[in-house]
Amino acid sequence: MQETPFCLSVGNLLSYSMSDSNSTDFTNPSTFILLGIPGLEAAHVWISIPFCAIYVIAILGNFTILYIVKREPSLHVPMYYFLCMLVVADVVPSTAVLPKMLSIFWFNSREINFTACLTQMFCLLSFSVMHSGILVAMALDRYVAICDPLRHSTTLTNPVVAKIGLAVVLRGIMLVLPYLFLARRWPYCRTNIIPYTYCKHIAVVKLACADIRISSYYSLSVAFLVTGVDVFCITVSYIQILRAIFSLPTKDARLKTFGTCGSHLCVILGSYIPHLFSALTERFGHNMALHFHVLMNNMYFLVPPMLNPIIYGVRSQQIRDSLLQLFTH
């Protein structure tokens, strides 16, 4: 399975720490078995076609955004720096999931190494936390740009943007590492079969033959903490933004100012609504078929990375102009 260098370094660290562990109560399964989409095995090849197409569109769209921002000096501003961070946070989880998923669909290669499983889990969880943090940073940028435009360039300087990005990355890593160390320490003596296309955290720890309440409580706490705090910060930012917009003298000025927030709002809705839907189906959808849960989880990692470049490409005049100029040349 292909992994990013960042994720591979974490995997090597985990492998090293496991090899040095002398704990006798830890059963280290050499591999897990990923079932793919249970109940739809006969349709795996057909399901892979739209998944692969979505991923290709996402990769092309996101790398086009990165290239345009790098190429166009007028886009070297905080808003587009944060957009580039969002692109990376979108691409890494889907890249961590899709290669192994396609190997299951096309070659029936269901085995995944234990360390690779933990590495994949780290990529999915940490970059999801980073993604949420970047949305908060983008809301902060819109708040400063609209509520205090004269100080925007002096407040969000390049060093400040870099520090915000570093804080987002460190938060994602520090909050997710306990997931991995807890999952690594559980004794696995029931089965090594995971009914998903990837190593989902809760599906992995449920295989442990031990009391996993600490993992469940920590997972729930982080989910509520990250989502709750980030949504609260975004909400407060947009309340202040709306107050500033409605204080403008003309309707055209209000619409034009609010239009600068349109792309960010669409990305927020496209990020949090699927996450909320997935969480609700996990919690209350006990009567739903397992393959529906698996499909929804996969779509959560694949669809937003495809939609976000389209949203910014359609709504951002600067990106549209740069893209048109690129194709014209």
Side-chain angles (χ1 to χ4, degrees), residues 1-4 7-8 10-15 17-19 21 23 25-52 55 92-126 128 176 179-212 215-216 219 278 281-282 285-286 288-302:
M1 183 182 67
Q2 299 176 6
E3 301 286 357
T4 62
C7 297
L8 282 172
V10 176
N12 293 335
L13 174 63
L14 288 168
S15 179
S17 60
M18 280 190 290
S19 64
S21 176
S23 176
D25 63 345
F26 176 71
T27 303
N28 176 14
S30 58
T31 59
F32 285 115
I33 306 297
L34 299 172
L35 291 186
I37 305 178
L40 297 178
E41 289 85 356
H44 273 178
V45 174
W46 296 106
I47 295 172
S48 71
I49 296 173
F51 279 8
C52 192
Y55 179 72
V92 171
S94 57
T95 302
V97 168
L98 196 84
K100 183 60 185 177
M101 185 195 306
L102 293 181
S103 72
I104 296 171
F105 291 168
W106 292 347
F107 309 114
N108 202 32
S109 175
R110 301 173 185 272
E111 291 189 354
I112 182 170
N113 180 272
F114 182 72
T115 302
C117 184
L118 293 183
T119 304
Q120 188 187 61
M121 188 191 303
F122 171 81
C123 289
L124 299 180
L125 295 173
S126 62
S128 294
V176 170
Y179 283 89
L180 304 186
F181 290 116
L182 286 172
R184 182 179 60 84
R185 293 186 64 83
W186 297 132
Y188 296 91
C189 53
R190 291 178 178 171
T191 179
N192 65 340
I193 296 175
I194 302 173
Y196 285 87
T197 57
Y198 63 93
C199 290
K200 186 173 182 177
H201 170 255
I202 193 63
V204 172
V205 298
K206 279 183 177 179
L207 302 180
C209 50
D211 187 354
I212 61 167
S215 279
S216 300
S219 176
S278 176
T281 55
E282 288 285 344
H286 302 296
M288 293 181 180
L290 178 59
H291 64 259
F292 179 80
H293 286 286
V294 177
L295 285 170
M296 288 299 100
N297 278 273
N298 286 313
M299 297 304 285
Y300 171 69
F301 290 114
L302 293 174

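Residue indices begin at 1 and follow the sequence shown.
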Q | L180 side, atom CG; T119 side, atom OG1 - distance, nearest 0.5 Å | A | 8.0 Å
Q) For the residue pair A183 and L118, what are the closest heavy atoms and their distance? A) CB-CD2, 4.1 Å
Q. Got a donor-acceptor contact below 3.5 angstrom from the E41 side chain to the G39 backbone?
A. yes
(Q) Between L124 and V97, is there a side-chain heavy-atom distance shorter than 4.5 Å? (A) yes
Q. Hey, mind stepping through V205 and L182 against side chain to side chain contact (heavy atoms under 4.5 Å, CB included) and telling me if it holds?
A. CA-CA 9 Å; V205 298; L182 286 172; over 6 Å; no
Q) Are T197 and L34 close enough that some pair of their side-chain heavy atoms sits under 4.5 Å apart? A) no
Q: Report yes if the side chains of V294 and P195 come closer than 4.5 Å at any heavy-atom pair, otherwise no.
A: no
**Q.** Least distance between heavy atoms, P38 atom then L290 atom
**A.** CG-CD2, 3.7 Å
Q: Measure the CG-OG distance between L125 and S219 for me, rounded to the nearest 0.5 Å.
A: 7.5 Å
Q. Nearest heavy-atom pair of P187 and A210: which atoms, and what distance?
A. CD-CB, 3.8 Å
Q.
Looking at every heavy atom in both S126 and C123, which two are closest together, and how far apart are they?
A. OG-O, 3.6 Å
Q: Could you grab the distance from atom CD1 of I104 to atom OG of S48, nearest 0.5 Å is fine?
A: 11.5 Å
Q | Non-hydrogen atoms of I37 and H44 that approach each other most closely | A | N-NE2, 3.2 Å
Q: Fit a plane to each ring of F301 and Y198, take the angle between them on a 0 to 90° scale, and name the class: parallel (under 30°), tilted (30 to 60°) or perpendicular (over 60°).
A: perpendicular
Q. Using the ring of each side chain (for Trp, its six-membered ring), is Y179 parallel, tilted or perpendicular to H201, with breaks at 30° and 60°?
A. perpendicular
Q: Take the angle between the ring planes of F32 and F114 and call it parallel below 30°, perpendicular above 60°, tilted in between.
A: tilted
Q | Spatial distance of atom CZ (R110) from atom CD1 (I194) [nearest 0.5 Å] | A | 13.0 Å
Q: Taking the side chain as every heavy atom from C-beta outward, state whether L207 and W186 have any atom pair closer than 4.5 Å.
A: no
Q | Value rounded to 0.5 Å, distance of CG in L35 from OH in Y196 | A | 11.0 Å
**Q.** Close side-chain approach of M299 and F51, heavy atoms under 4.5 Å
**A.** yes
(Q) Nearest 0.5 angstrom please: N297 CG to K200 NZ, how far? (A) 3.5 Å
